[in-house]
Amino acid sequence: MMQVNEEYWRNYWEEKNIFKADEKGKKFYVLEMFPYPSGDLHVGHLRNYVIGDVYTRYYKMKGYSILHPMGWDAFGLPAENAAIQRKISPKEWTLENISVSKATFKKLGITYDWDREVTTCLPDYYKWTQWLFIQLYENGLAYRSNAPVNWCPSCMTVLANEQVESGECYRCGTEVTKKDLEQWYFGITKYADRLLEDLEDLPLWPEKVKLMQRNWIGRSYGVTVNFPLKSGNGEIKVYTTRPDTLYGVTFMAVAPENPLLNSLDITPEKRQELDAYIDQARKKSEVERTGTKTEKDGVFTGVYAINPLTGEDVEIFVADYVLATYGTGSVMGVPAHDERDFSFSKKYSIPIKVVINPEDEQLDISSMTNAYIEPGIMTDSGEFTGMISSDAIEKIIEHLEAADKGKRTVNYRLRDWLISRQRYWGAPIPMIHCPDCGMVPEKVENLPILLPDSRKVDYVPKGTSPLGSVDDFVNTKCPKCGKDAKRDTDTMDTFVDSSWYFLRYTDALNSDSIFSKQKADYWLPVDLYIGGVEHAILHLMFSRFITKFLHDIKMISHQEPFKQLFTQGMVMNRINGDLEVMSKSKGNAVPVGPFVEKEGVDVARGTILFIAPPEADLEWKESSVDSIKRFISRIQTVLDAEEGNNDDKEIRYQTHLLVKKVNSDIERFKLNTAIAAMMEYVNFIHKKMESADFSLSKDTKAMFIKVMAPFFPYLAEEYNKLIFGGGSIFEKQWPVHDETALMTDQIEIPVQIKGKLRAVITVGRSATKEEILKLAYSNPNIKKHLQGMTIRKEIYVPGKMVNIII
RNA sequence: GCCGGAGUGGCGGAAUUGGCAGACGCGCUGGAUUCAAAAUCCAGUGUCCUUUGGGAUGUGUGGGUUCAAGUCCCACCUCCGGCACCA
């Protein structure tokens, strides 16, 4: 029986540079999302990387120049937390984890080009993260702003909107609070339209992910309407997508944070009441304020605005369900035609005015229990009365613009990306605060701004940036005027690091530039990007944004980084009876190292690929290896037999069918059925060997070995060496099936009576309809069922089936 | 609440264009081999009926289109995921 020497092949691939990108001819860039280095890789990681490895080996055999790199998303909180607990430096801890993970990758023999390894926490990488920041700053896309931000009291840092899930921190699940802080933002909203529209250019992305991004960007079209104040000469602007309901506006609500409240002419008594409400609102969490379950409340300001279309008075409320950060921070209230406004008006006895009726009904305020939010016929709406409301929308916008009472507006749910973090283990923001010059970017030649040695830093989180405690870091000279100045002490969100790493791989060792345009243009876009769907918004949107920005500053030609996205399913494991995603932090991780040591890499690969289709979640069971172990040993039985020379038509048929099937299964990401097809094939040969003096010819063995190579690379190499004398199987050409081999002389035709299968007949390939029907009618079971029946119709689908209707 | 996706044997899952449902595998049952066991090999395995030829039934539920539906249409149920007052 064949002995597999994994180490030999691992070294062979590496020493002979089999999978080193040679940058010649047609290219294929395979990428798996790089991991956070948490130490031991587990079976969940294995799945992700093995899928990528299959494609790398497959495209290599198809003659492409391959780029398949690996690196480390190495900044971030776990390193700091671990360091605080164990009193070792985040850097040491991280680098140690990387070396453990890397050793496991090497043991697996995944086809990475390690010369291109990137580690985001090392200065040769974050130098360019800082460079990128400066480019964004100089193009007006990085700015500081003082605003209420999401604050995680447990992580002691701010979070981006994208990192808050139902009011909780995406990392630790702690309820997020609001804090007013001056923070750094990236102007991703300037790219909102392009990020939305260019999704059309990504046909090979899952619809689900594109939909999630569309929803997240949340583009809406409407109008900003000016409501003059009743007293004084100010005005309040509101944004609405339903100008057709403007005649029904009876109140308006302003966010507690909206600064225009200060300019309203409010009586001192009212002012006191309002301040109490505002104070209370600010203490509430986002979920308490805007969650669907809580009842909306507010306080009347005592001040009125004027409906610009009707001239009627409109009560102005302060209400904490109004978001200060969306639209104008104020909304108009139309009780009759908005569910939320309806219940608010009931609560505060605000008048209700119907301005849209259903086509066949007149709404009656006294009997209404719900708002009518559908389109309908305009009523009580001045010159627009009688129009279909959906048509009136555009007419009213035109009217408002003509009268200078409003302006057509597009709004987005997407917010600018808050990227500063009050933590130590991240890339320092390369900006300097100068008392004279203000904000000044560090000179590019001074990059990287090194993180100070952790021994000098008090990086235990206190809610302020740990770097602020290091005097020789903070104190510097202004790059512009040379006077004493202070460095910015925040570090960047780790999603900044990972939003451009796929570009660095194309030119990882470049010390003069972030990458060369020529290399990036050759390799981009990533042809196949494999990772979890949990990054559908965060990482994938930020990467698209940065790619577009780099395109705009002429660093790259492409506008989209990832041509095809494949989101693989999660690996689940039972813990105390509950099925949970496998992860180190949950304590249910099955480490890869001991597993492959025991079973071998090929068995580990085959198992994880066979038990479920790559996109489906799967439950990990140790016992799943049994079927693949049996299969591999059966492959050996078949291949170990002496070469025969008695391949017949049937063998040729089966072999070419296998090649065709595996090829198409790989192309459509059905790696589980590709393995099933190989099993069928091997079972077929095995049976044939038992019943006759038969063994495969050398040529047929070659076809099979090539087809299995992307899945079981070690075994394939051993047989390639044994039977064909060496070299790497991956330098050989992927087989092409011969369509003529699939043309059998005989075909089987199922015969149905009234849609029920009654017989299967075997006929010659070229049999005519008449011949087939004749044969069908002579079949005993068909005869039996047709006894005494009248045939009403015969349906014959050429080469497929016969259906007799009685 | 809104928007997606999915429901197929005891289990994981096949069925690529409306054309033989359950490929492949796990498990289970019986047999061969063995002193015995493991491993391996062979046969069977949706459910029910059966004279062993077959027959009935069957892809979440109920309807529909069609010669023919797991696949298409309508309504509903359940589960999973995303968003959750975005005005």
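Just so it is clear: chains get the letters A, B, ... in the order the sequence lines come, proteins before strands, and each one is counted from 1. Just so you know, these numbers use all the heavy atoms, side chains as well, and skip hydrogens, waters and symmetry mates. From a predicted model like this one, the values you see are computed outputs, not experimental measurements.
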Participant: Okay, side chain of A/S624, backbone of A/W620: is any donor-acceptor separation there less than 3.5 Å?
Facilitator: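 Not at all, since once roles are kept as given, no pair shorter than 3.5 Å links the two residues.
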Participant: For B/C35 and B/U29, measure between their P atoms and round to the nearest Å.
Facilitator: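 It works out to 24 Å between them.
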Participant: OP1 or OP2 of B/A84 less than 4.0 angstrom from a side-chain nitrogen or oxygen of A/R413, does that happen here?
Facilitator: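 For A/R413, the contact criterion (side-chain N or O under 4.0 Å from OP1 or OP2 of B/A84) is met.
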Participant: Starting at atom NZ of A/K629, determine the distance to atom P of B/A39, rounded to an integer number of angstrom.
Facilitator: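 Those two atoms, NZ and P, are 10 Å apart.
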Participant: Which part of the nucleic acid, if any, lies within contact of A/I805, taking any heavy atom under 4.0 Å across all strands shown: a base, the sugar-phosphate backbone alone, or nothing?
Facilitator: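 Touches sugar-phosphate only.
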Participant: Report, one pair per line, the protein and nucleotides 12-19 of chain B atoms (nitrogen or oxygen only) whose separation is under 3.5 Å.
Facilitator:
{"from": "B/G12", "atom 1": "O2'", "to": "A/I611", "atom 2": "O", "distance (Å)": "2.5"}
{"from": "B/A14", "atom 1": "OP1", "to": "A/K670", "atom 2": "NZ", "distance (Å)": "3.4"}
{"from": "B/A15", "atom 1": "OP1", "to": "A/R668", "atom 2": "NH2", "distance (Å)": "3.1"}
{"from": "B/U16", "atom 1": "O4", "to": "A/K661", "atom 2": "NZ", "distance (Å)": "3.0"}

Participant: Which part of the nucleic acid, if any, lies within reach of A/R634 when heavy atoms closer than 4.0 Å are counted: base, sugar-phosphate only, or nothing?
Facilitator: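 The residue A/R634 makes sugar-phosphate contact but no base contact.
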Participant: Would you please test A/E650 and A/K688 for salt bridge (Lys or Arg N to Asp or Glu O under 4.0 Å) and show each step?
Facilitator: CA-CA 11 Å; A/E650 195 184 14; A/K688 186 135 178 140; 3.1 Å; yes
Participant: Let me know the distance between CH2 of A/W205 and C1' of B/G4, rounded to the nearest Å.
Facilitator: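 Taking CH2 of A/W205 and C1' of B/G4, I get 17 Å after rounding.
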Participant: Among B/C83, B/G54, B/C86, find the nucleotide with the atom closest to the side chain of A/L323.
Facilitator: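 Looking only at heavy atoms from C-beta outward on A/L323, the closest nucleotide is B/C86.
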Participant: Please report the distance separating the C1' of B/U78 from the corresponding atom of B/U61, rounded so that it comes out in whole Å.
Facilitator: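 These two C1' atoms come out 10 Å apart once rounded.
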Participant: Determine whether the aromatic ring centres of residues A/F317 and A/Y348 are separated by less than 6.0 angstrom.
Facilitator: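 So the answer is yes for these two rings.
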Participant: Can A/E739 and A/H737 be counted as having a side-chain donor-acceptor contact under 3.5 angstrom?
Facilitator: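 Looking only at side-chain atoms, A/H737 and A/E739 do form a donor-acceptor pair, the distance falling under 3.5 Å.
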Participant: Would B/G10 be called syn or anti here, given the cut-off of 90° from 0?
Facilitator: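 B/G10: anti glycosidic orientation.
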Participant: Regarding A/V322, tell me which of base, sugar-phosphate or nothing describes its non-hydrogen contacts under 4.0 Å with the strands shown.
Facilitator: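 It contacts base atoms.
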Participant: Please determine, by modelled atom types, if A/S390 and A/D244 share a side-chain donor-acceptor pair under 3.5 angstrom.
Facilitator: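 Not at all, the side chains of A/S390 and A/D244 share no donor-acceptor pair under 3.5 Å.
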Participant: Specify the separation, in whole Å, of atom CH2 of A/W216 and atom C1' of B/C86.
Facilitator: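 It works out to 11 Å between those atoms.
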Participant: Is the glycosidic angle of B/G60 within 90° of 0, making it syn, or outside that range, making it anti?
Facilitator: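 What B/G60 shows is an anti base, its glycosidic angle lying more than 90° from 0.
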Participant: Expressed in whole Å, how much space separates the P atoms belonging to B/C73 and B/U65?
Facilitator: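 After rounding to an integer number of Å, I get 15 Å for this pair.
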Participant: Quick one: closest heavy-atom pair of A/D320 and A/A281, and the distance?
Facilitator: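 Taking every non-hydrogen atom into account, CB-CB, 3.6 Å.
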Participant: Mapping A/S330 and A/H785 to their closest nucleotides on RNA chain B, which lands nearer the 5' end?
Facilitator: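 The answer here is A/H785.
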Participant: Starting at CG of A/L211 and ending at C1' of B/G5, how long is that distance when rounded to a whole Å?
Facilitator: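 To the nearest whole Å, that distance equals 11 Å.
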Participant: Between A/Y326 (OH) and B/C83 (C1'), how many Å, whole number?
Facilitator: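 Value for this atom pair: 14 Å.
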Participant: On RNA chain B, check which nucleotide each of A/S633 and A/G327 is closest to and give me the residue with the more 5' one.
Facilitator: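 Per heavy-atom nearest nucleotide, the more 5' residue is A/S633.
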Participant: In whole angstrom, what separates A/R630's CZ from B/C42's P?
Facilitator: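 So the two atoms are 12 Å apart, to the nearest Å.
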Participant: Say we look at B/U17 and B/C42: how far apart would their P atoms be, to the nearest angstrom?
Facilitator: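 So the two P atoms sit 34 Å from each other.
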Participant: Are the aromatic rings of A/Y326 and A/Y412 close, with centres under 6.0 Å apart?
Facilitator: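 Here the rings of A/Y412 and A/Y326 have centres that are no less than 6.0 Å from each other.
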Participant: How far, in whole Å, is B/C86 from B/G13 if one measures between their P atoms?
Facilitator: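 These two P atoms come out 37 Å apart once rounded.
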Participant: To the side chain of A/E690, which of B/C41, B/G54, B/C20 is closest?
Facilitator: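 Of the candidates, B/C41 comes closest.
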Participant: Strictly under 6.0 Å, is that where the ring centroids of A/F711 and A/F610 end up?
Facilitator: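 They do not qualify: ring centres at least 6.0 Å apart.
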Participant: Is it true that the side chains of A/E667 and A/Y58 contain a donor and an acceptor less than 3.5 Å apart?
Facilitator: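 Indeed, the side chains of A/E667 and A/Y58 share at least one donor-acceptor pair under 3.5 Å.
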Participant: Round to a whole Å and report the spacing from CE of A/M252 to P of B/A87.
Facilitator: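 Result: 16 Å.
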Participant: Using atom C1' in both nucleotides, what's the gap between B/C2 and B/C24 to the nearest angstrom?
Facilitator: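 B/C2 and B/C24 have their C1' atoms separated by 40 Å.
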Participant: With heavy atoms under 4.0 Å as the rule, sort A/K210 into base, sugar-phosphate or nothing.
Facilitator: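 Touches nothing.
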Participant: Heavy atoms under 4.0 Å, any strand shown: does A/N781 hit a base, just sugar-phosphate, or nothing?
Facilitator: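 The residue A/N781 makes sugar-phosphate contact but no base contact.
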Participant: Under 6.0 Å between the ring centres of A/F300 and A/F251?
Facilitator: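 Between A/F251 and A/F300, which both carry aromatic rings, the centre distance is not below 6.0 Å.
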Participant: What integer distance in Å separates A/R214:CZ from B/C2:C1'?
Facilitator: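 So the two atoms are 17 Å apart, to the nearest Å.
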Participant: Please map the stems of RNA chain B, keeping only stretches of three or more Watson-Crick or G-U wobble pairs with both distances under 3.5 angstrom.
Facilitator: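 RNA chain B stems, ordered by first number: B:1-7 with B:77-83, B:10-12 with B:24-26, B:27-32 with B:40-45, B:46-49 with B:54-57, B:60-64 with B:72-76.
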Participant: Quick one: which of B/C41, B/A87, B/A23 gets closest to the side chain of A/Y239?
Facilitator: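 The closest nucleotide is B/A87.
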Participant: If you only use heavy atoms from C-beta on, which nucleotide in B/G55, B/C26, B/C20 is closest to the side chain of A/R758?
Facilitator: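 Of the candidates, B/G55 comes closest.
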Participant: For nucleotides B/U34 and B/C26, find the distance between their C1' atoms and express it as a whole number of Å.
Facilitator: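 So the two C1' atoms sit 26 Å from each other.
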Participant: Using the C1' atom as the point on both nucleotides, what is the distance between B/A36 and B/G25, in whole Å?
Facilitator: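 So the two C1' atoms sit 29 Å from each other.
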Participant: Where the side chain of A/H686 is defined as all heavy atoms beyond and including C-beta, which of B/C41, B/C20, B/A87 is the nearest nucleotide?
Facilitator: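 Comparing B/C41, B/C20, B/A87 against the side chain of A/H686, the answer is B/C41.
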Participant: Between B/G55, B/C24, B/G81, which one does the side chain of A/N683 approach most closely?
Facilitator: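 For A/N683, the side-chain atoms sit closest to B/C24.
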Participant: May I ask you to check whether A/Y185 and A/R415 show a side-chain donor-acceptor distance below 3.5 Å?
Facilitator: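 Distance-only check fails for A/Y185 and A/R415.
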Participant: A/E257 and A/K178: salt bridge (Lys or Arg N to Asp or Glu O under 4.0 Å), yes or no, with the steps?
Facilitator: CA-CA 12 Å; A/E257 294 86 354; A/K178 290 279 176 184; over 6 Å; no
Participant: What is the nucleic acid contact for A/S220, judged by heavy atoms within less than 4.0 Å: base, sugar-phosphate only, or nothing?
Facilitator: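 Sugar-phosphate only.
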Participant: Any side-chain N or O of A/K756 below 4.0 angstrom from OP1/OP2 of B/C20?
Facilitator: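 Answer is no, no contact under 4.0 Å.
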